[in-house]
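In what follows, a structure is listed as structure tokens, so that the remarks can point back to it.
Indexing begins at 1, ligand by ligand and atom by atom, following the structure's order.
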Amino acid sequence: MSFTALDPFLRIDPFLREAGMEDSLRNVVFTIAHAGKYVAHTIRNENLDYVNSTNESGDEQLALDVLSDRIFCNHLHSSQSVAKFASEEQEEAVQITCSSKNPYSVAFDPLDGSSIVDADFAIGSIFGIFPGKDFLGKTGRDIVAAGYILYGPKTIFVVATEKGVWEFTENAIGEFVLSRKNIALAEEAQFFAPGNIRAIAEKKQYENLITDFAKSGKSLRYSGGMVPDIHMMLTKGSGIFLYPANKNRPKGKLRLLFECAPFAFLINAAGGMAVDEHGNNLLDKVIIETHQTDTILAGSKKTVEQAVEKLGSEK
Ligand code: P6P
């Protein structure tokens, strides 16, 4: 038995208390981690059929999407520390009467990448936690904690605060215990995850960039799931994830509130950077609408800067 199973102070709640996370925020983080365990069980035991509905972004919904959304909503309703939440699966945000003196607002994507779960690919849930009773009008710099749950061969919970990025792995008795701390990204990427590759039909610079990555010996790692693809580079200690715009997605595909801002916060906490395809820091983007999308280049700082320069260069 590994030592982590024996050391109770490496479980999420005691560890984050020792790390100085205040009670209400720790309650929200623990609630989200607990919801993730239910989602993991649902993925492995429920049907993968589509239901006859689409979400606000127009994506067809799996029964899993609806179930996962309900799990997160029920957990957040019960937390007593959440005043508002928004789900990538729902059109409108939900206000909750909250008794806490320290309320938080949570944005979450309950099941990101559900279109690849039928192939048994790893997928994830994403969350961003803002102080106070709203996130509209705020930016990623207002986030106080963000992270994801990765549903792969293991269920892994990663959370970032201004103090760093920590990874917790579900152990044999279903507890999340600390498995990595102070996760950091090197300046240069050894891996690249080129999303929206179809954009090379319009963006010669994107084709040139990907070709340069390959010619310079970087390893291509792209699954179509943002959570595993970013977890990959956080695990290996370097990488760049890209999702530029194209004519069908002129403002990009990924949602600022549910995907780009939480990952920008987390990657920044790991010493990397996250920008849009023009080089604007995603942490500075104001959240105007719940479902607004953006483009993203995120990961090892120097490689991201080089990628922005290449994308902005002449054909
Ligand atoms: P494409 C999944 O649908 C998702 O939102 C992200 O998890 C992923 O990075 C991206 O879309 C994949 O998009 O165009 O490659 O299918």
Original post:
Quick one: which ligand 1 atoms are inside 4.0 Å of a heavy atom on Gly225?
Top reply: 7 (O)

Subject >> Residue pairs involving residues 290-299 (criterion salt bridge (Lys or Arg N to Asp or Glu O under 4.0 Å); sequence neighbours excluded) >> reply: Lys285-Asp294

Original post:
Got the closest protein heavy atom to atom 14 (O) of ligand 1, with its distance?
Top reply: Tyr243 OH, 2.6 Å

Original post:
Does ligand 1 have a heavy atom under 4.0 Å from the side chain of Ile197, from its backbone, from both, or from neither?
Top reply: neither

Subject >> Under-4.0 Å heavy-atom contact with ligand 1, by part of Arg255 that carries it >> reply: side chain

Original post:
Looking at Met226, which atoms of ligand 1 are within less than 4.0 Å of one of its heavy atoms?
Top reply: 6 (C), 7 (O), 8 (C), 9 (O)

Original post:
Which of the atoms in ligand 1, numbered in the order shown and given with their element, are less than 4.0 Å from a heavy-atom of Gly113?
Top reply: 2 (C)

Original post:
Please state which protein non-hydrogen atom is closest to atom 7 (O) of ligand 1 and give its distance, to 0.1 Å?
Top reply: Asp112 OD2, 2.4 Å

Original post:
Taking the six-membered ring of Phe191 as reference, does the NZ or CZ atom of Lys218 fall below 6.0 Å from its centre and within a 45° cone about the axis?
Top reply: no

Original post:
Centres of the Phe135 and Tyr104 rings: under 6.0 Å?
Top reply: no

**OP:** Could you tell me which atoms of ligand 1, counted from 1 in the order shown, lie closer than 4.0 angstrom to a heavy atom of Arg198?
**Re:** 14 (O)

**OP:** For Glu259, take its heavy atoms, then give the atoms of ligand 1 lying under 4.0 Å from any of them.
**Re:** 5 (O)

Original post:
Angle class for the His77/Phe85 ring planes (parallel below 30°, perpendicular above 60°, tilted otherwise)?
Top reply: perpendicular

Subject >> Phe258, portion touching ligand 1 at heavy-atom distance under 4.0 Å >> reply: neither

**OP:** Pull out every atom of ligand 1 sitting under 4.0 Å from any heavy atom of Tyr222, numbered as shown with elements.
**Re:** 1 (P), 12 (C), 13 (O), 15 (O)

**OP:** Take atom CG of Asp120 as the centre, draw a 6.0 Å sphere, and report whether it contains more than 12 heavy atoms from other residues, nucleotides or ligands.
**Re:** no

Original post:
Given side chains that start at C-beta, do those of Val165 and Val158 come closer than 4.5 Å, heavy atoms only?
Top reply: yes

Original post:
side chain to side chain donor-acceptor pair (under 3.5 Å) between Asp65 and Ser114: does it pass, once the steps are laid out?
Top reply: CA-CA 7 Å; Asp65 289 314; Ser114 52; 2.9 Å; yes

**OP:** Could you tell me the residue and atom name of the protein heavy atom closest to atom 16 (O) of ligand 1, and the distance to it rounded to 0.1 Å?
**Re:** Lys253 NZ, 3.7 Å

Subject >> From Gly224, Ser114, Ser115, Pro228 - option closest to atom 2 (C) of ligand 1 by heavy atom >> reply: Gly224

Subject >> Closest heavy-atom pair and its distance - Asp134, Lys138 >> reply: O-NZ, 2.7 Å

Original post:
Which residue, Tyr148, Phe30, Phe15, forms the ring pair (Phe, Tyr, Trp, His ring centres under 6.0 Å) with Phe168?
Top reply: Phe15

